[in-house]
Amino acid sequence: MREALAWDKGEVHELFVTATAAERNAELLQTAVDKGVRISEVTDRAADSLSETVTPQGIIAVCDAVPQPLAAALKGTPRLVAVLHGISDPGNAGTVTRVADAAGADAVIFAGDTVDPHNGKCVRASTGSLFHLPIARSRDADEVFAACRQAGLRLVAADGYAEHDIVEASAKGDLAQPTAWVFGSEAHGLPDDVIAKLDTSLKVPLYGAAESLNLATAAAVCLYASARDQRN
């Protein structure tokens, strides 16, 4: 909620708050009042009906839509972008958004049939990161890839079956280039026809007996590898 109130790309229009939550979050509500946000007190039952969680916190915000146009999200000279392609699990999408934020990415783009960034579970899994960096949404994945290339980004597929890995790419200096990492669903990865449209594909090397990494862990390794090399 604090992240939403501090958001500089949109506004919080109204807060619905229970009496208990209002008492517990007096400082937060004062911030909302100072920003001119309307506050409406609701019953616990009403808060439960408005919330998707089993144990709601008693505060629900009505905000502007998060996504920006592609051109706005990729304006300037982005160095690191996460593209989520065909990810249907909102928890995974939100967690990768959080990882991208932590790694200092310039934007996150929801491409193709990826879950809506406004999905409640996605919002919660991002832990506020949806309000920290530009988010774009386009069901036309080719449009996303073209926009990334126009912004000077090299499109790299995160693919567990790729011939080369991020260690080799780092040694050659490839990860220091402006990069848009493209991540697919945890269950199926990226389709072959999508990988064929990208500039290259890389895998995270597995040195132990594990067969694979989950999506969020793989995304964290890839994004931080690029972030490290770009900063060095």
Side-chain angles (χ1 to χ4, degrees), residues 1-76 78 81-84 87-140 143-144 147 216 219:
M1 193 65 67
R2 294 184 189 280
E3 286 80 4
L5 288 170
W7 187 28
D8 61 356
K9 300 296 183 183
E11 296 182 7
V12 176
H13 298 283
E14 186 170 4
L15 294 182
F16 295 98
V17 190
T18 65
T20 301
E23 188 175 325
R24 190 170 56 238
N25 297 278
E27 182 180 345
L28 184 68
L29 294 188
Q30 185 58 55
T31 299
V33 169
D34 292 342
K35 287 180 169 290
V37 177
R38 178 181 176 183
I39 299 176
S40 300
E41 186 171 319
V42 295
T43 64
D44 290 340
R45 183 177 180 181
D48 289 347
S49 68
L50 290 169
S51 176
E52 298 177 357
T53 60
V54 177
T55 54
Q57 298 179 346
I59 303 181
I60 299 95
V62 178
C63 307
D64 284 337
V66 169
Q68 306 175 23
L70 272 173
L74 295 173
K75 70 179 180 180
V81 169
V83 178
L84 312 185
I87 298 175
S88 59
D89 185 285
N92 279 337
T95 303
V96 176
T97 300
R98 180 182 183 183
V99 166
D101 181 20
D106 297 295
V108 175
I109 303 174
F110 287 61
D113 291 327
T114 294
V115 66
D116 189 334
H118 298 116
N119 177 286
K121 188 174 181 181
C122 182
V123 173
R124 292 191 297 276
S126 80
T127 63
S129 289
L130 281 173
F131 301 105
H132 291 168
L133 75 175
I135 304 292
R137 176 80 172 95
S138 174
R139 292 199 174 276
D140 186 343
E143 178 189 30
V144 171

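The first residue of the sequence shown is numbered 1, and numbering continues consecutively from there. Keep in mind that what you see is a predicted model, and the values were worked out from it rather than measured.
- Between T18 and T43, the closest side-chain pair of non-hydrogen atoms is not below 4.5 Å.
- Distance check: T127 OG1 to H132 NE2 gives 7.5 Å after rounding to the nearest 0.5 Å.
- The environment of Q30 atom CD is dense: over 12 non-hydrogen atoms of other residues, nucleotides or ligands sit within 6.0 angstrom.
- For residues 109-119, the salt bridge (charged side-chain N to carboxylate O under 4.0 Å, His left out) pairs, not counting sequence neighbours, are D113-R139.
- Scanning all heavy atoms of the two residues, the minimum distance from P67 to P117 falls at CG-CG, 3.8 Å.
- If you run side-chain contact (heavy atoms from CB on, under 4.5 Å) between V108 and each of D101, I135, V81, V83, only I135 comes through.
- Scanning all heavy atoms of the two residues, the minimum distance from A93 to V115 falls at CB-CG1, 3.6 Å.
- Here the side chain of N25 pairs no donor or acceptor atom with the backbone of L28 at under 3.5 angstrom.
- At distances below 3.5 Å, at least one donor-acceptor pair connects side-chain atoms of S126 with backbone N or O atoms of V123.
- Checked by atom type and distance alone, the side chain of R137 pairs as donor or acceptor with a backbone atom of T114 at under 3.5 Å.
- Contacts of E143 classified as salt bridge (Lys or Arg N to Asp or Glu O under 4.0 Å), with partners at least two apart in sequence or in another chain: none.
- To the nearest 0.5 Å, atoms CD1 (I109) and CD (Q68) are separated by 10.5 Å.
- The heavy-atom pair separating A73 from A136 by the smallest distance is CB-CB, 3.8 Å.
- Under the 4.5 Å side-chain criterion, counting only non-hydrogen atoms from C-beta, R124 is not in contact with P90.
- Residue A32 comes nearest to L15 through the heavy atom pair CB-CD1, 3.7 Å, listed as atom of the first residue, atom of the second, then distance.
- Scanning all heavy atoms of the two residues, the minimum distance from S129 to R98 falls at OG-CA, 3.5 Å.
- The shortest non-hydrogen separation linking V144 to S138 is CG2-CB, 3.7 Å.
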